[in-house]
Amino acid sequence: MTVKIFDTPDVLDFLKTVSGFDQDGGSERAKRILHRLLSDLYRLIDDFDVSPEEFWGAVSQLNALGKETQFGLLAPGLGFDHYLDMRMDAADEQAGLTGGTPRTIEGPLYVAGAPEAEGFARMDDGSDTEAEVMWLTGQVREVNGNPVPGAKVEIWHADTKGNYSFFDPTQSEYNLRRSIITDAEGRYTARSIIPSGYGCPPDSPTQQVLDLLGRHGQRPAHIHFFISAPGHKHLTTQINLAGDPYTYDDFAFATREELVIDANRIEDAAETEKRGLEGPFTEVVFDVELARTEDAELQSRHKRPRALEDA
């Protein structure tokens with residue numbers, strides 16, 4: 001069956017009714033957005049001759065994604081997070097807000113309320129005795145090089161199995177999650193463990209969608225950051241550790257060249273002793289540049305659902 005009915009008056013009028021254009025209540029913006037979305041989907045059904053079996057199969061897939069709360073996982077895999085970043089980059093350029101460390105996607109695994117420390121924090125709970133110790137450090141500076149003391153550096157990352165605390169009930173509360181306030185020189189330091197990359201569960205609804213596209217669902221080892229300070233543009237970013245097989249093949253499209261950071265193994269006993277460690281460790285240095293802004297809205301992260309954010 002190959003028919004084309006989208007451009008008929010009956011369908012066009014029907015779309016207006018479905019979108020609530022003939023009703024006084026509701027949101028006019030929501031009506032316009034839904035009308036555009038439905039119009040595109042109706043036309044797609046026409047253009048690709050979508051069968052009832054294919055349509056209801058897609059509905060079933062959406063139900064499965066919702067049941068497993070995986071829309072937040074699929075969204076970056078389909079490029080939505082990166083596309084929003086591209087739009088914000090373009091808006092910054094248009095407004096003359098250039099310079100500073102580049103943003104990249106937040107992901108769905110932030111949890112509000114992590115313990116806060118001044119200058120230094122230990123992020124891991126010490127339970128993974130086989131993990132490689134990570135010494136994560138850096139300086140928060142303005143674009144002109146001046147240090148930013150008192151900046152808030154929020155950090156979160158996965159464990160050696162690719163799992164995140166809170167979402168993984170086997171981990172202790174706020175394991176591998178901390179907020180660090182930079183010292184007088186704008187520096188922060190965290191002792192943690194080298195995280196692992198991870199992949200979408202192979203039988204998950206998200207991976208089933210990716211399989212249809214012939215794509216993998218793997219992410220490289222990475223570390224998430226929120227960095228904020230009064231009078232400066234809030235930064236949402238993450239670093240990918242160099243050398244991971246998926247560093248430049250991240251299914252979530254979060255890799256930016258400036259955010260690929262070397263992880264350097266240190267075996268010198270004097271360096272180990274200086275940090276109070278008992279053996280070799282891996283050092284990761286990530287310096288951050290924040291752009292100045294007087295716009296209060298730009299000084300805070302954008303609003304979205306986040307675990308425990310409203311608790």
Side-chain angles (χ1 to χ4, degrees), residues 1-95 103-110 167 200-217 219 236 250-254 297-298 301-307 309-310:
M1 179 179 67
T2 302
V3 296
K4 296 282 189 179
I5 65 169
F6 178 81
D7 291 315
T8 62
D10 284 348
V11 170
L12 297 179
D13 289 342
F14 178 58
L15 274 166
K16 293 177 182 178
T17 301
V18 172
S19 304
F21 284 173
D22 58 350
Q23 303 296 320
D24 293 332
S27 163
E28 289 303 311
R29 178 173 172 81
K31 290 178 183 181
R32 292 196 304 272
I33 291 174
L34 188 64
H35 182 266
R36 170 64 179 272
L37 176 64
L38 292 176
S39 297
D40 289 348
L41 289 174
Y42 281 27
R43 186 184 292 277
L44 180 151
I45 290 172
D46 244 17
D47 290 346
F48 286 88
D49 197 17
V50 173
S51 69
E53 290 80 8
E54 289 173 319
F55 173 81
W56 289 110
V59 170
S60 179
Q61 192 69 28
L62 292 172
N63 285 338
L65 286 161
K67 182 179 179 180
E68 299 295 327
T69 62
Q70 288 192 7
F71 281 113
L73 181 61
L74 181 60
L78 294 182
F80 285 104
D81 296 47
H82 182 62
Y83 182 64
L84 291 172
D85 280 351
M86 292 170 70
R87 283 179 48 81
M88 288 187 286
D89 286 349
D92 284 350
E93 184 176 358
Q94 188 177 73
R103 63 166 54 88
T104 193
I105 73 171
E106 174 183 335
L109 299 171
Y110 173 79
F167 302 97
C200 301
D203 58 348
S204 66
T206 296
Q207 188 57 54
Q208 289 168 2
V209 174
L210 295 173
D211 286 344
L212 291 172
L213 306 178
R215 292 179 49 207
H216 68 74
R219 297 219 62 203
T236 297
D250 181 358
F251 103 98
F253 306 104
E297 184 176 348
L298 294 178
R301 57 179 174 254
H302 67 268
K303 294 181 179 180
R304 59 175 278 184
R306 297 182 177 94
E309 182 108 284
D310 299 322

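Here the structure is a predicted model, which is why all the values come from computation and not from measurement. As a basis for the values below, the full set of heavy atoms in this structure was taken, side chains included, without hydrogen atoms, waters or symmetry mates.
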Working to the nearest 0.5 Å, report the span between [atom1] of [X] and [atom2] of [Y].
| X | Y | atom1 | atom2 | result |
| --- | --- | --- | --- | --- |
| E54 | F48 | CD | CZ | 10.5 Å |
| F14 | T8 | CZ | OG1 | 11.0 Å |
| R43 | L41 | CZ | CG | 12.0 Å |
| S51 | D49 | OG | CG | 8.0 Å |
| L37 | S19 | CG | OG | 9.0 Å |
| L213 | Q208 | CG | CD | 12.5 Å |

Sequence-distant partners of D89, side-chain hydrogen bond (donor to acceptor under 3.5 Å, both in side chains), two or more places apart: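 By the side-chain hydrogen bond (donor to acceptor under 3.5 Å, both in side chains) rule, D89 matches R103, R256.
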Taking only residues two or more places apart in sequence, or in another chain, which ones meet T206 in a side-chain hydrogen bond (donor to acceptor under 3.5 Å, both in side chains)?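 Q70.
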Results of salt bridge (charged side-chain N to carboxylate O under 4.0 Å, His left out) for R29 - residues two or more places apart only: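 For R29, no residue satisfies salt bridge (charged side-chain N to carboxylate O under 4.0 Å, His left out) once neighbours in sequence are set aside.
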Considering residues at least two apart in sequence or located in another chain, which fulfil the salt bridge (charged side-chain N to carboxylate O under 4.0 Å, His left out) criterion with R36? D40
For the residue pair [X] and [Y], what are the closest heavy atoms and their distance?
| X | Y | answer |
| --- | --- | --- |
| P108 | G72 | CG-O, 3.6 Å |
| L73 | C200 | CD2-SG, 4.0 Å |
| P205 | A64 | CG-O, 3.6 Å |
| R219 | A252 | NE-CB, 3.6 Å |
| I5 | V11 | O-CG2, 3.3 Å |
| I105 | T236 | C-CG2, 4.4 Å |

If you count the non-hydrogen atoms of other residues, nucleotides and ligands that lie under 6.0 Å from [atom1] in [X], is the total more than 12?
| X | atom1 | answer |
| --- | --- | --- |
| Y83 | OH | no |
| M88 | CE | yes |
| R304 | CZ | yes |
| F71 | CZ | yes |

Look at [X] together with [Y] and state whether they make a salt bridge at an N to O cut-off of under 4.0 Å.
| X | Y | answer |
| --- | --- | --- |
| K4 | D46 | no |
| E106 | R306 | yes |
| K303 | E297 | no |

Check whether any side-chain heavy atom of F6 lies under 4.5 Å from a side-chain heavy atom of L12, and answer yes or no. yes
Do F55 and V59 come within less than 4.5 Å of each other through their side chains, counting heavy atoms only?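 F55 reaches V59 side chain to side chain.
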Step by step, would you call Q61 with V209 a side-chain contact (heavy atoms from CB on, under 4.5 Å)? CA-CA 8 Å; Q61 192 69 28; V209 174; 3.9 Å; yes
If you apply the rule side-chain contact (heavy atoms from CB on, under 4.5 Å), what do you find for D81 with F253, and how did you get there? CA-CA 8 Å; D81 296 47; F253 306 104; over 6 Å; no
Side chains of Q207 and D211: any donor to acceptor distance under 3.5 Å? yes
My understanding is that only residues two or more places apart in sequence, or in another chain, count here; which of them pass ring-ring contact (aromatic ring centres under 6.0 Å, His included) with H302? none
ring-ring contact (aromatic ring centres under 6.0 Å, His included) partners for Y110, two or more places apart: W156, F226
Could you walk me through whether F21 and L15 pass side-chain contact (heavy atoms from CB on, under 4.5 Å), step by step? CA-CA 9 Å; F21 284 173; L15 274 166; over 6 Å; no
Examine distances only and state if a side-chain atom of [X] and a backbone atom of [Y] form a donor-acceptor pair shorter than 3.5 Å.
| X | Y | answer |
| --- | --- | --- |
| T17 | D13 | yes |
| S60 | G57 | no |
| K16 | H35 | no |

